[in-house]
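Everything below concerns the one structure shown next.
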Amino acid sequence: MQVKPLELGTKELMDIYYLMRLGRAIEDRLNLLYKGGKLPGAIYLGTGQEAIEIGASYALEEGDVLAPTHRDMMSQLPRGITPREVFLQHYARANSLTHGKGEDNYQGDLRRGTFATVSMLPNFYPVAAGAALAFKLRKEPRVAMAYCGEGATSVGDWHEALNVASVHNLPVVFVVINNGYAYSTPVYKEMKVANVADRAVAYAMPGVIVDGNDVVECYREAKKAVERARDGGGPTLIEAKTMRMRGHAGHDSATYVAKDIIDLWTKRDPIVRFEAYLNEKGFLNEDSKKEVIDRINAMVEDAVTFAEASPYPEPKEAIEDVYAE
Ligand SMILES: Cc1ncc(C[n+]2csc(CCOP(=O)(O)OP(=O)(O)O)c2C)c(N)n1
């Protein structure tokens, strides 16, 4: 079952670099399309969070499941979501993963072990705990991983999920991306604890803090937590310290964030840092970097063209695949 090593080799490191650059390119393009009025819905971008978005979910293996939020499109890249699927989703076309229903990041794909995002935060935390309970009852060596932001940790469902996972020693990894703000609310206005990870003590599980802009550290800690869960060691809470580098959504210019904070975090850009690391190891140079970026730009171009040429759903499809109670 376990395939990926704890210490990554050249192939995996370059794979992660490609995914981080792909995530950035997709989001930059989505931002431009949104600003140009081309997209029918909202955009919630995770720009600046590439290290934790990709580093943590990269630690999952085939058969594991992922429960992401509205901001975590990039966490789905290691699970195999394609640029075409992302743009089809944002263009709300009939051949998107949600068949044109929903126009932002609320896509998922059970074939690849990714649950569709639920809008209410963090309702997918209990869902991940539930999946982990099923794995345990069926004695399957599988792991669930859930993502959310620090704001969502103030909601009761979050605590219920951690409690049930702890009591039943479930194979689940809870990733909290602490990006400083929940919409316009800074962390210090929503919690008294210094770290989200401190909350793990209440549920007798490990609470691990990682540098959310260091992809190697994000992967390594997620990998340890995933394999501990798979080996019967129970759940882990991982808090990644990072910064939301754009507004809450496309319409939000985030003027409530001081410029010097953004300047500080710009210097910590996870992709630039990873490039320096790869360069030092002799895995990346200007030519190979250009080759990766050119390849990605061509894929993004193809995806936008494909999405724009794809059909909208038929009106009669509006009531298909819809559940209400
Ligand atoms: C229960 C619930 N309350 C309010 C919202 C509206 N809402 C959507 S995103 C968001 C901010 C969430 O902040 P955080 O959890 O820190 O994640 P981030 O957006 O920073 O990634 C809010 C308040 C919601 N989706 N669900």
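One-based numbering, in listed order, for ligands and for the atoms of each. From a predicted model like this one, the values you see are computed outputs, not experimental measurements. Values below: every heavy atom of this structure, side chains too, minus hydrogens, waters and symmetry copies.
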Protein heavy atom under 4.0 Å of [atom]:
atom                    : answer
atom 10 (C) of ligand 1 : yes
atom 23 (C) of ligand 1 : no
atom 1 (C) of ligand 1  : yes

Quiz item: Going by atom types alone, do Asn95 and Tyr91 pair a side-chain donor with an acceptor below 3.5 Å?
Solution: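 The criterion, which ignores hydrogens and geometry beyond distance, is not satisfied for Tyr91 and Asn95.
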
Enumerate the atoms of ligand 1 whose separation from the nearest heavy atom of [X] is less than 4.0 angstrom.
X      : answer
Ala152 : 15 (O)
Tyr183 : 11 (C)
Gly151 : 14 (P), 15 (O), 16 (O)

Practice problem: Please work out which of Thr242, Val118, Leu121 has its closest non-hydrogen atom nearest to atom 26 (N) of ligand 1. | Solution: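 Nearest option to atom 26 (N) of ligand 1, by heavy atoms: Leu121.
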
Quiz item: Between atom CG of Asp287 and atom NZ of Lys290, what is the distance when rounded to the nearest 0.5 Å?
Solution: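 Rounded to the nearest 0.5 Å, the CG-NZ separation comes to 8.5 Å.
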
Does [X] approach ligand 1 within less than 4.0 angstrom via side chain, backbone, both or neither, non-hydrogen atoms only?
X      : value
Asn179 : side chain
Arg71  : side chain
Tyr181 : backbone

Self-check item: Proximity flag Ser119 to ligand 1, non-hydrogen atoms under 4.0 Å
Solution: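 Yes.
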
Quiz item: Are the charged groups of Arg230 and Asp64 less than 4.0 angstrom apart, N to O?
Solution: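 A salt bridge is present here (some side-chain N lies under 4.0 Å from a carboxylate O).
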
Practice problem: Pick out which of Thr242, Asn213, Asn179 makes a side-chain hydrogen bond (donor to acceptor under 3.5 Å, both in side chains) with Gln49. | Solution: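 Among Thr242, Asn213, Asn179, the one meeting side-chain hydrogen bond (donor to acceptor under 3.5 Å, both in side chains) with Gln49 is Asn179.
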
Quiz item: Do the two ring centres, one from Tyr44 and one from His248, sit under 6.0 Å apart?
Solution: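 For Tyr44 and His248, the ring centres are under 6.0 Å apart.
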
Quiz item: Around Leu137, counting heavy atoms of other residues, nucleotides and ligands shown, do more than 12 lie under 6.0 Å from its CG?
Solution: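 Yes, CG of Leu137 has more than 12 neighbouring heavy atoms, counting only those of other groups under 6.0 Å.
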
Quiz prompt | Any residue meeting side-chain hydrogen bond (donor to acceptor under 3.5 Å, both in side chains) with Arg79, in chain and number order, not counting sequence neighbours | solution =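 Scan of Arg79 (side-chain hydrogen bond (donor to acceptor under 3.5 Å, both in side chains), adjacent residues dropped) gives none.
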
